[in-house]
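Quick note on labels: first sequence line is chain A, next is B, and so on, each numbered from 1.
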Amino acid sequence: MATQKLTEYEIKRLENIRRNDEMLAALQLHAKASLLSNASKRQRDGSAKSYKVSPAKKPKETETPTVIRRSLRTRGMPPDSNCLDADSNENSDKTTLNQASISREKTSPCVLGPLKMRDAYDGTGSDRAFIDTLLSFERETEIGKVKSDNLNCGIKIEKREFEGRVDLESMSLEPENIARIMPGRIMTVRFLPQSDVNIVAAGNKLGNVAFWNVDSKGEKDNGIFLYRPHTGPISGILFQQSCLSKIFTSCYDGYLRLMDAEKEVFNLVHSCDDAIFCLSQHPNDVKSLYFGEGRGGLSVWDDRTGSVSSQWTLHEDRINTIDFNPQNPNIMATSSSDATVCLWDLRKVDAGKPKSLKIVNHERAVHSAYFSPSGSSLASTSFDDTIGILSGVNFEDTSRVQHSNQTGRWISSFRATWGWDDSFVYVGNMKRGVDIISLDQRRVIKTLQSPHMTAIPCRFHAHPCRVGMLAGATAGGQVYIWTSS
DNA sequence: ACTGAACTTATAGAT
DNA sequence: ATCTATCCAGTTCAGT
């Protein structure tokens with residue numbers, strides 16, 4: 001009996017080993033193939049699958065080739081390759097090469113230069129309407145810009161122009177505000193910071209970025225536009241209040257791209273050897289992009305000079321989020337898989353020995369640390385099944401709210417996300433609900449649930465201009481938009 | 001201190 | 001209704 005069991009166990013184990021070996025072999029084949037040519041080949045084994053973006057659409061290739069990420073430097077190319085400047089980048093040979101490889105395969109290509117939106121677009125129809133929509137905001141802000149100070153363009157990201165508390169009881173999920181906008185697991189979801197439209201952008205694990213105009217119901221593609229600008233998990237999407245037609249995206253593939261709707265390209269802004277795990281923008285200096293790179297690294301990209309202006313090692317493991325205090329933008333919070341949250345004073349972070357203002361210790365990896373809208377509190381979410389609340393004039397008060405954050409492998413980690421004021425944070429739970437934690441009461445005071453929510457919402461964003469409008473994204477490419485009447 | 005393996009978990013799409 | 005592929009997260013444990 002005992003020997004029988006042991007044998008079964010052994011068989012299972014060997015089977016596991018065999019499968020792992022196969023997977024590794026596949027990965028290595030990919031790596032070699034992509035080194036030989038940019039045009040990625042399909043996986044050689046039977047695991048090739050097709051996928052439907054939505055039931056209504058026809059099958060799509062989702063195979064994201066595992067590509068060895070190489071910086072321009074290691075490829076012997078000059079840094080940045082003028083990619084920042086879209087005008088100077090009619091870089092014919094590179095562009096045509098890219099086009100060729102993309103049209104052959106509908107996978108995310110490994111493109112070291114600007115990638116045309118047309119080539120990255122994955123849809124049956126045209127994305128013209130969507131691009132025009134983005135550009136229309138641009139014209140609106142142009143008018144505003146001329147009137148106001150164009151010297152200080154974009155002083156604020158996501159300025160909140162409203163009063164009043166959200167009425168939690170009136171929050172509901174209407175069936176028309178649900179859509180599967182992309183395949184795969186969503187890593188990040190963001191509302192376009194524009195008060196008169198409801199557009200969300202989401203990035204998934206496969207390197208896709210999808211946009212959904214929530215209000216264009218019944219229109220072609222249901223207002224959903226899917227692009228494939230990257231080859232790995234999307235770690236950040238950044239809108240800029242001052243220029244809504246330019247959208248930054250960051251990826252584990254080590255690339256930082258700038259989608260420019262005007263030029264209709266995904267420019268390559270920056271590439272590095274390490275994975276980029278998060279992306280943020282300094283509130284007072286929108287030309288400074290902060291991103292977490294590799295194991296504990298934080299880099300600052302200066303969009304004026306087109307180069308990395310600072311590089312620090314701030315943590316012992318990957319940095320999962322970077323956030324700035326709205327009250328005092330010199331204060332930055334980082335959360336890391338090294339189980340800590342750190343507060344930094346940017347004026348004091350030296351190149352040599354960065355010293356944090358404060359360290360909050362969790363028991364396990366910390367997946368997020370976000371400042372409240374007013375900047376007076378900080379909420380951190382950790383695998384140790386707590387949500388940390390940091391408050392007080394000098395952030396000297398710490399407290400914990402118990403919350404199960406065991407998402408496992410297939411669900412993106414939970415990140416407690418602030419709403420429209422300092423009252424509540426919103427965080428997913430494994431029972432397909434949205435837990436609402438009251439800052440005052442330090443506990444879950446309500447859980448949003450709906451029979452329409454058929455999967456676990458794990459990543460959230462509150463509409464920066466609309467109280468009560470909350471987007472939740474799932475591991476299956478769905479987005480739920482909760483609204484308040 | 002490091003490396004690698006096992007184990008956990010949910011979902012969409014295929015059967 | 002049931003089955004299965006997913007496969008770079010994080011942790012624990014076993015072995016160097």
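Following rounding to the nearest Å, A:D338 (CG) and C:dT11 (P) show an atom-to-atom distance of 11 Å. Rounded to whole Å, the distance from CD1 on A:I186 to P on C:dA9 is 17 Å. In this structure, the CG atom of A:L206 is 10 Å from the P atom of C:dC8, given to the nearest Å. What separates CD1 of A:I456 from P of C:dT6 is a distance of 21 Å, to the nearest Å. Rounding to whole angstrom units, CZ of residue A:R180 and C1' of B:dA12 are separated by 7 Å. In this structure, A:D384 atom CG and C:dG10 atom C1' are separated by 13 Å, rounded to whole Å. In this structure, CG of A:N405 is placed 15 Å from C1' of B:dT8, rounded to the nearest angstrom. One atom, CZ of A:R185, and another, C1' of C:dG10, lie 12 Å apart when rounded to the nearest Å.
Nearest to the side-chain atoms of A:I411 among the listed nucleotides B:dT9, B:dT11, C:dC7 stands B:dT11. Side chain of A:A365, nearest nucleotide from B:dA12, C:dT11, B:dA10: C:dT11. Side chain of A:A455, nearest nucleotide from C:dT11, C:dA9, B:dA12: B:dA12. With B:dA10, C:dT11, C:dC7 as the candidates, the nucleotide lying closest to the side chain of A:K205 is C:dC7.
Around atom CD of A:Q441, more than 12 heavy atoms belonging to other residues, nucleotides or ligands sit under 6.0 Å away.
Annotated stems with DNA chain C as a participant read B:1-8 with C:9-16, B:10-15 with C:1-6, given as range with range, by first number; only runs of 3 or more Watson-Crick or G-U pairs under 3.5 Å qualify.
Under the side-chain hydrogen bond (donor to acceptor under 3.5 Å, both in side chains) criterion, A:S310 pairs with no residue at all, not counting sequence neighbours. Scanning for side-chain hydrogen bond (donor to acceptor under 3.5 Å, both in side chains) contacts around A:R185 gives A:S412, with sequence neighbours left out. With sequence neighbours excluded, the residues satisfying salt bridge (charged side-chain N to carboxylate O under 4.0 Å, His left out) with A:K446 are A:E169. Partners of A:R364 according to the side-chain hydrogen bond (donor to acceptor under 3.5 Å, both in side chains) rule, which considers only residues two or more places apart in sequence or in another chain, do not exist here.
A distance below 6.0 Å separates the ring centres of A:Y227 and A:Y121.
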Just list the side-chain donor-acceptor pairs under 3.5 Å for residues 450-457 of chain A, sequence neighbours left out, or say none.
unit_1, atom_1, unit_2, atom_2, d
A:S450, OG, A:H452, N, 2.9
A:S450, OG, A:H452, ND1, 3.4

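Across all strands shown, A:S337 has heavy atoms under 4.0 Å from sugar-phosphate atoms exclusively, and none from any base. Residue contacts shown for A:Q478 are limited to sugar-phosphate atoms, with no base heavy atom under 4.0 Å away.
Heavy-atom nearest nucleotides on DNA chain C were determined for A:P233 and for A:R364, and the one closer to the 5' end corresponds to A:P233. Both A:W410 and A:H367 sit near DNA chain C, but only A:W410 has its closest nucleotide nearer the 5' end.
For A:R318 and C:dA9, the shortest distance from a side-chain N or O to OP1 or OP2 is below 4.0 Å.
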